[in-house]
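First up is the structure itself, then whatever we jot down about it.
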Amino acid sequence: MGLNRQEACHCSVYLAEELCGSLPRTPSALTVSQLVRALLDHLRQQPGTLPRTEADARLLRVLVDQWVLAPRSGSFPPTSEDPSLAPVLQALEDDPGDNRPLAELAHAANATERTLVCRCQRDLGMPFAEWRQRLRVVKALPRLEAGEKVESMALDLGNGSSSAVISMFRRLMAVMAVMADEFGKGAATRMQAAQAFFAITT
């Protein structure tokens, strides 16, 4: 996900339920390849109908396969199936307020800190600290939208103070703005909640 520097064209592709088994179970932004971009551009120029030929069906099957392989991006924290890294990420998903340093988390997962640092860059595309902050922002959004007190939320998320939460949101506010543009009402509602939060606390 990023800021558009060229004209954007919005289109929707609808998949039959039986084709969605390998796709993410939750709403996600995906990093698309040049092949996917070309396929989408081709489809955009076609009539919006069901596949009319076997060739059309094969083309769409390739598109679905590419979506399955595409890494997640944007405000949804990426994941990993690596046997060393995955348990660490799951533990923090379950308890985002866990403030243990990476070295301690690595020891609990029977891995080395260096191994996890490398796997984070390889599988997540970002340092571990960045992933942890993104996770906390994502966990904070629905609670912020529901009007929960900032101080209580900050402690639960391991930030220690409301100012730390504010700092996180400020740093990722540009990404949230893109979410509001690209994902519609639900994201826009969260964006409005964050803006109200800043109006109260700054």
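Val62 and Leu60 end up in the same hydrophobic cluster when Ile, Leu, Val, Met, Phe, Trp and Tyr side chains are linked at under 4.5 Å.
Residues Ser33 and Gln66 come closest through the heavy atom pair OG-OE1, 3.8 Å. Contact record, Ala109 with Ser84: CB-O, 3.9 Å, taken as the closest heavy-atom pair. Between Pro96 and Leu135, the closest heavy-atom pair is CB-CD2, 4.2 Å. Contact between Pro87 and Asp82 at its shortest, heavy atoms only, is CD-O, 4.0 Å. Across Leu85 and Cys120, no two heavy atoms sit closer than the pair CD1-SG, 3.9 Å. The two residues Trp67 and Val36 make their nearest non-hydrogen contact at NE1-CG1, 3.9 Å.
By the 6.0 Å contact criterion, CZ on Arg114 is open, its count of non-hydrogen atoms from other residues, nucleotides or ligands being 12 or less. Sparse packing is recorded around CD of Glu17, with 12 or fewer heavy atoms of other residues, nucleotides or ligands lying under 6.0 Å away.
Using a 4.5 Å heavy-atom cutoff, the side chains of Lys139 and Arg136 are not in contact. Side-chain atoms of Leu59 and His42, non-hydrogen and from C-beta on, do get closer than 4.5 Å to each other. Two residues are said to be in side-chain contact when any heavy atoms from C-beta on lie closer than 4.5 Å; Leu92 and Leu105 meet this criterion. The shortest side-chain heavy-atom distance between Leu19 and Arg61 falls under the 4.5 Å cut-off. Leu15 is listed as a side-chain neighbour of Leu23, based on a closest heavy-atom distance under 4.5 Å. Looking only at side-chain heavy atoms (C-beta outward), Asp123 and Thr79 stay at 4.5 Å or farther from each other. With a 4.5 Å cut-off on side-chain heavy atoms, Leu39 and Leu35 count as touching.
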- Begin from the C-alpha positions of Glu104 and Glu113 and carry the test side-chain contact (heavy atoms from CB on, under 4.5 Å) through to its verdict. CA-CA 8 Å; Glu104 190 173 335; Glu113 182 178 8; over 6 Å; no
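Checked by atom type and distance alone, the side chain of Asp41 never pairs as donor or acceptor with a backbone atom of Arg37 at under 3.5 Å. Side-chain N or O atoms of Arg132 include one that pairs as donor or acceptor with a backbone N or O of Asp98 at under 3.5 Å.
Annotation: the span from Arg119 atom CZ to Leu124 atom CG amounts to 11.5 Å, rounded to 0.5 Å.
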